[in-house]
Number of protein chains: 2
Amino acid sequence: MISKKTKYGLKALTFLAKQEKGQLVSIATIAKSENIPQKFLENILLGLRKAGFLGSKKGKGGGYYLLKKPEDIKVASVYRILEGPIAMVPCVSLNFYEKCGDCLDEKTCSVHKLMIQIRDSTLAIMENNTLDDFVI
Amino acid sequence: MISKKTKYGLKALTFLAKQEKGQLVSIATIAKSENIPQKFLENILLGLRKAGFLGSKKGKGGGYYLLKKPEDIKVASVYRILEGPIAMVPCVSLNFYEKCGDCLDEKTCSVHKLMIQIRDSTLAIMENNTLDDFVI
DNA sequence: TTATAATCCTACCAATTCAATAGACTTTAA
DNA sequence: TTAAAGTCTATTGAATTGGTAGGATTATAA
């Protein structure tokens with residue numbers, strides 16, 4: 001199960017992807033449209049900006065906008081920022097690899113191979129879907 | 001990311017699947033072999049027994065054993081007991097369906113379709129893998 | 001210049017979940 | 001009768017989740 005943060009983040013990005021290019025949208029607008037608690041969304045968008053997905057303009061009339069074209073923003077990269085690893089187990093994560101405390105040897109770990117299968121199939125979907133696929 | 005509980009549970013089941021049919025194995029043995037905290041494993045196996053995967057025998061010489069053949073125990077069914085929903089979002093879960101609080105209409109939810117794709121691909125793997133596939 | 005509307009930032013909080021531990025119990029075999 | 005096993009319920013500490021609070025800063029427009 002993904003967190004609300006990730007779900008809200010994806011919905012907000014999709015909302016921005018629907019706008020005309022470079023169009024500024026305020027947090028309040030997105031929050032209302034997508035039924036997201038505004039203050040929570042504020043934090044999420046801040047994170048997405050710091051991660052390089054969003055640009056912003058402060059002050060009256062300000063708001064957020066996508067820095068790249070929707071078709072150039074893969075779900076996988078967004079997911080990693082919002083939720084973290086795509087893999088179900090740290091020892092099969094490509095971007096967040098960590099050794100499992102209990103496994104002496106990954107090669108002999110029984111669940112290892114299954115987790116790689118799941119990672120690969122999920123990854124395939126997330127790498128092949130961009131924000132643009134959501135807009136349609 | 002799956003919980004330790006799920007990972008430990010899968011490893012323990014695999015360990016039992018490796019035994020000769022009906023062979024009793026104590027919690028202590030599994031815990032030592034798989035590097036799992038014994039008391040934690042105790043609770044996990046208890047749950048798996050109550051869910052109908054394991055049989056047990058109390059007293060000296062007792063232990064746990066699989067109630068079904070390893071090839072008849074799908075990862076999907078184990079996962080649902082240990083971890084819960086396979087889907088990433090409650091609104092696309094087949095066995096644990098719940099409406100998302102923020103979505104007024106699932107048909108217009110932008111992330112819905114993606115979540116179904118991921119669910120289906122993960123499900124396919126989990127339905128097609130049994131404990132027997134781990135033993136090899 | 002001033003009111004207002006927006007983002008920015010840090011901190012905080014309550015509730016839940018996670019990972020484990022504790023301890024008393026029952027059952028069984030030797 | 002004793003040691004070895006599972007059973008059961010409760011507790012606990014740490015982390016995570018899903019927010020909220022409140023101000024600081026910045027830009028616009030009247």
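Order of the sequence lines sets the chain letters (A, B, ...), proteins ahead of strands, with each chain counted from 1. Reckoned from all heavy atoms, side chains included, excluding hydrogens, waters and symmetry mates.
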Looking at [X], I'd like to know whether one of its side-chain N or O atoms comes within less than 4.0 Å of OP1 or OP2 on [N].
{"X": "Lys50(B)", "N": "dC8(D)", "answer": "yes"}
{"X": "Tyr8(B)", "N": "dA19(C)", "answer": "no"}
{"X": "Arg49(A)", "N": "dC8(C)", "answer": "yes"}
{"X": "Tyr64(B)", "N": "dA5(D)", "answer": "no"}
{"X": "Ser56(B)", "N": "dA5(D)", "answer": "no"}

Report summary line: Sorted by chain and residue number, the side-chain hydrogen bond (donor to acceptor under 3.5 Å, both in side chains) partners of Glu71(A) (sequence neighbours excluded) come out as none

Requested in this report: May I have the step-by-step check of side-chain contact (heavy atoms from CB on, under 4.5 Å) for Ile73(B) and Phe53(B), ending in yes or no?
Outcome: CA-CA 8 Å; Ile73(B) 303 177; Phe53(B) 291 103; 3.9 Å; yes

Report task. Sugar-phosphate atoms are those with a prime plus P, OP1 and OP2; base atoms are the rest. Using that split, label each nucleotide of nucleotides 11-17 of chain C B, S or - for protein heavy atoms under 4.0 Å, 5' to 3'. Result -> -------

Query raised in the report: When you look at Thr6(A) and Ile44(A), which way does the side-chain contact (heavy atoms from CB on, under 4.5 Å) test go after all the steps?
Result: CA-CA 9 Å; Thr6(A) 299; Ile44(A) 296 169; over 6 Å; no

Starting at atom [atom1] of [X], determine the distance to atom [atom2] of [N], rounded to an integer number of angstrom.
{"X": "Leu41(B)", "N": "dA20(C)", "atom1": "CG", "atom2": "P", "result": "11 Å"}
{"X": "Phe40(A)", "N": "dC9(C)", "atom1": "CZ", "atom2": "P", "result": "18 Å"}
{"X": "Gln38(A)", "N": "dG22(D)", "atom1": "CD", "atom2": "P", "result": "15 Å"}
{"X": "Leu46(B)", "N": "dT21(C)", "atom1": "CG", "atom2": "C1'", "result": "15 Å"}

Query raised in the report: Counting only non-hydrogen atoms, which of residues 25-35 of chain B are less than 4.0 Å from DNA chain D?
Result: Val25(B), Ser26(B), Ile27(B)

Query raised in the report: Of all of residues 15-24 of chain A, which get a heavy atom below 4.0 angstrom from DNA chain D, listed by number?
Result: none

Query raised in the report: Do any pairs count as a salt bridge (Lys or Arg N to Asp or Glu O under 4.0 Å) and have a residue in residues 48-63 of chain A, sequence neighbours left out, and if so which ones?
Result: none

Query - salt bridge (Lys or Arg N to Asp or Glu O under 4.0 Å) pairs, two or more places apart, involving residues 17-29 of chain B - result: none

Requested in this report: Just do the side-chain contact (heavy atoms from CB on, under 4.5 Å) check on Leu66(A) and Leu131(A) with the steps written out, would you?
Outcome: CA-CA 10 Å; Leu66(A) 288 183; Leu131(A) 289 190; 4.2 Å; yes

Query raised in the report: Does a distance-only test, which skips hydrogens and angles, find a donor-acceptor pair under 3.5 Å between the side chain of Lys39(B) and the base of dG23(C)?
Result: yes

Query raised in the report: Yes or no on side-chain contact (heavy atoms from CB on, under 4.5 Å) for Tyr64(A) and Leu48(A), after CA distance, side-chain angles and deciding distance?
Result: CA-CA 10 Å; Tyr64(A) 280 97; Leu48(A) 288 171; over 6 Å; no

Requested in this report: Between Glu42(B) and Lys4(A), just flag the one whose closest nucleotide in DNA chain D comes earlier from the 5' side.
Outcome: Glu42(B)

Validation: residues 23-33 of chain A side-chain donor-acceptor distances under 3.5 Å, sequence neighbours left out:
unit_1	atom_1	unit_2	atom_2	d
Ser26(A)	OG	Thr29(A)	N	3.1
Ser26(A)	OG	Thr29(A)	OG1	2.8
Ser33(A)	OG	Thr29(A)	O	2.8

Query raised in the report: For residues Glu83(A) and Ser3(A), is any side-chain donor paired with an opposing acceptor at under 3.5 Å?
Result: yes

Taking only distance into account, with no hydrogens and no angle test, what donor-acceptor pairs under 3.5 Å do side-chain atoms of residues 99-113 of chain A form with protein atoms, sequence neighbours excluded?
unit_1	atom_1	unit_2	atom_2	d
Lys99(A)	NZ	Cys103(A)	O	3.1
Asp102(A)	OD1	Lys7(B)	NZ	3.0
Asp102(A)	OD2	Lys7(B)	NZ	3.4
Asp102(A)	OD2	Lys11(B)	NZ	2.8
Asp105(A)	OD1	Lys107(A)	N	3.1
Glu106(A)	OE2	Tyr97(A)	OH	2.4
Thr108(A)	OG1	Asp105(A)	O	3.1

Query - Contacts of type ring pair (Phe, Tyr, Trp, His ring centres under 6.0 Å), residue Phe134(B), not counting sequence neighbours - result: none

When you compare the protein's N or O atoms with those of nucleotides 26-30 of chain D, which come within less than 3.5 Å of each other, and at what distance?
unit_1	atom_1	unit_2	atom_2	d
dT28(D)	OP1	Lys57(A)	NZ	2.6

Requested in this report: Could you identify which residues of residues 84-92 of chain B place a heavy atom less than 4.0 Å from some atom of DNA chain C, listed by residue number, or say none?
Outcome: none

Residues 114-126 of chain B side chain polar contacts: donor-acceptor under 3.5 Å, at least two apart:
unit_1	atom_1	unit_2	atom_2	d
Arg119(B)	NH1	Val92(B)	O	2.8
Ser121(B)	OG	Ile118(B)	O	3.2
Thr122(B)	OG1	Ile118(B)	O	2.9

